[in-house]
Trainee: 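This is the structure I want to talk about, given as structure tokens.
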Amino acid sequence: MKVPSQHPLQSPAWSLFRKKWGNEVVETKYGTLTLHKIPLTKYKLGMFIKGPTPTKEMLEYLKDFAKKSNLIFIKLEPNTLKDESVINLLKQNHCVKGKTFFTPTTFWLDLTKKEDELLSSFKPKTRYNIRLAQRKGVEVKEDNSDKAFNEYIKLTRQTTQRQNFYAHNEKYHRLMWETLHPAGIAHLLTASFNNEIVTTWVLFTYKEFLYYPYGASSDKYKNVMPNNLMMWEAIKFGKKNGLKTFDMWGREPGKGFTPFKEGFNPEVVEFVGTWDLIINKPLYYLYKGFDTARWFYLKGKSSTGLSKPKF
């Protein structure tokens with residue numbers, strides 16, 4: 001398994017989506033950046049997410065572009081596996097470790113293996129839960145209808161409220177779907193029990209890779225293990241479409257969905273991580289301080305129940 005030649009977040013469809021969302025999008029010879037204005041100032045910051053492996057020439061180009069565009073820094077998250085030579089290059093070019101957008105590690109599953117080989121590699125409890133869902137009559141299918149997507153929105157709202165986490169709002173999800181589904185990137189899988197949709201996942205397919213960026217579920221009927229069967233059917237969906245690798249979109253050891261993903265015996269892969277290419281050092285650290293305080297405030301309100309994340 002190897003890194004894809006291009007990530008869906010560097011695709012033309014994703015650029016179009018970000019433009020519709022209201023971001024300033026810049027196409028460079030190295031990839032796509034989004035620019036984000038800092039309120040009440042003339043300054044901006046740049047986001048270069050899942051771009052190519054940095055080179056000296058690319059970093060010099062970005063520095064020059066940033067100075068001309070009033071950027072105080074550019075956040076880089078290259079779609080590059082961990083490589084000390086790349087990390088040293090970044091450090092030598094005014095880059096410091098930054099706040100992550102993607103987790104530095106993720107899970108990959110080899111979709112070129114046969115189904116029985118994959119199934120036998122799963123943890124016993126995972127295999128048991130898949131068969132339990134099948135015995136109980138859980139049904140998983142691709143359903144890209146408006147009705148199914150409305151169920152996805154409803155379940156996403158329920159999940160954010162139940163688990164008390166911040167997520168993109170409904171408008172964002174609808175715009176993402178309206179742009180990426182016609183482009184052949186976004187697909188919707190539903191899991192139903194007793195004729196009721198209880199789990200929905202949005203999958204991305206791009207450059208021989210399958211991705212699992214968004215999912216939502218009901219707290220109802222969780223005892224029939226719909227998510228286990230959903231993951232297995234997503235794997236089969238990827239194989240059926242000739243994809244070679246399943247990127248499970250993130251890994252946080254001991255947190256969230258990570259223990260669930262581990263049951264499918266994926267490989268842990270590590271990227272070079274998140275780096276901030278600093279252009280204006282005083283303003284960068286001032287911005288960083290304000291941003292840290294803002295998130296501390298929001299998480300504090302959420303954890304004390306004074307404020308709930310909105311969808």
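These numbers were taken from a predicted model, which means no experiment stands behind them. All residue numbers refer to positions in the sequence shown, counting from 1.
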Trainee: Sorted by first residue and then second, give each ring pair (Phe, Tyr, Trp, His ring centres under 6.0 Å) pair with at least one member in residues 55-83; sequence neighbours left out.
Mentor: Y30-Y61, F73-Y284, F73-Y287
Trainee: Is K147 paired with E151 through a side-chain N to carboxylate O contact shorter than 4.0 Å?
Mentor: no
Trainee: Can you tell me if NZ on K20 sees more than 12 non-hydrogen neighbours from other groups inside 6.0 Å?
Mentor: yes
Trainee: Hey, can you tell me if F209 and W108 have their rings parallel, tilted or perpendicular (30° and 60° cut-offs)?
Mentor: perpendicular
Trainee: What I want to find out is whether E60 reaches K56 closely enough, with some N-O distance under 4.0 Å, to be called a salt bridge.
Mentor: yes
Trainee: Is the number of heavy atoms from other residues, nucleotides or ligands under 6.0 Å of K63 NZ greater than 12?
Mentor: yes
Trainee: Which heavy-atom pair separates F107 from G250 by the least distance, and what is that distance?
Mentor: CD1-O, 4.0 Å
Trainee: Is a salt bridge present between D219 and K222, judged by a nitrogen-to-oxygen distance below 4.0 Å?
Mentor: yes
Trainee: F149 vs W177 aromatic rings, parallel, tilted or perpendicular, using cut-offs 30° and 60°?
Mentor: parallel
Trainee: Check step by step if side-chain contact (heavy atoms from CB on, under 4.5 Å) holds for Y211 and M248.
Mentor: CA-CA 6 Å; Y211 300 88; M248 296 182 181; over 6 Å; no
Trainee: Got a sec, which residues hit side-chain contact (heavy atoms from CB on, under 4.5 Å) with E77, two or more places apart in sequence or on another chain?
Mentor: I49, T100, F101, F102, T274
Trainee: Under a plain distance cut-off of 3.5 Å, with no hydrogens placed, do E27 and S15 share a side-chain donor-acceptor pair?
Mentor: yes
Trainee: Find out if a path of hydrophobic residues (ILVMFWY) with successive side-chain heavy-atom gaps under 4.5 Å connects L62 to L35.
Mentor: yes
Trainee: How close do C95 and L277 get, counting heavy atoms only, and between which atoms?
Mentor: SG-CD1, 3.6 Å
Trainee: Hey, does the side chain of N23 reach the backbone of K19 with a donor-acceptor pair shorter than 3.5 angstrom?
Mentor: no
Trainee: Does the ring pair (Phe, Tyr, Trp, His ring centres under 6.0 Å) test come out yes or no for H187 and F237, once each step is laid out?
Mentor: CA-CA 10 Å; H187 310 264; F237 171 84; 5.4 Å; yes
Trainee: Are more than 12 heavy atoms, taken from residues, nucleotides or ligands other than K67, located less than 6.0 Å from that residue's NZ atom?
Mentor: no
Trainee: Do any N or O atoms from the side chain of S69 and from the backbone of A66 form a donor-acceptor pair under 3.5 angstrom?
Mentor: no
Trainee: Identify whether the distance between the nearest side-chain nitrogen and carboxylate oxygen of R18 and E24 falls below 4.0 Å.
Mentor: no
Trainee: Assess whether atom CD of E139 is packed by more than 12 heavy atoms of other residues, nucleotides or ligands within 6.0 Å.
Mentor: no
Trainee: Count the heavy atoms of every other residue, nucleotide or ligand shown that sit under 6.0 Å from CG of D146, and state whether that count exceeds 12.
Mentor: no
Trainee: K236: what forms a side-chain contact (heavy atoms from CB on, under 4.5 Å) with it, not counting sequence neighbours?
Mentor: E115, W232, E233
Trainee: Set out, in order, the CA-CA distance, both residues' side-chain angles and the distance that settles side-chain hydrogen bond (donor to acceptor under 3.5 Å, both in side chains) for D143 and T190, then state yes or no.
Mentor: CA-CA 7 Å; D143 185 349; T190 64; 4.7 Å; no
Trainee: Is the number of heavy atoms from other residues, nucleotides or ligands under 6.0 Å of Y128 OH greater than 12?
Mentor: no
Trainee: Kindly say whether G31 contributes a backbone atom to a donor-acceptor pair with the side chain of T28 at under 3.5 angstrom?
Mentor: yes
Trainee: Which atom pair, heavy atoms only, marks the closest approach of D276 to G98?
Mentor: OD2-CA, 3.5 Å
Trainee: Indicate whether the side chain of R251 and that of T105 have a donor and an acceptor atom separated by less than 3.5 Å.
Mentor: yes
Trainee: Looking at every non-hydrogen atom in both residues, tell me the closest pair between L109 and P266 and how far apart they are.
Mentor: CD1-CA, 4.0 Å
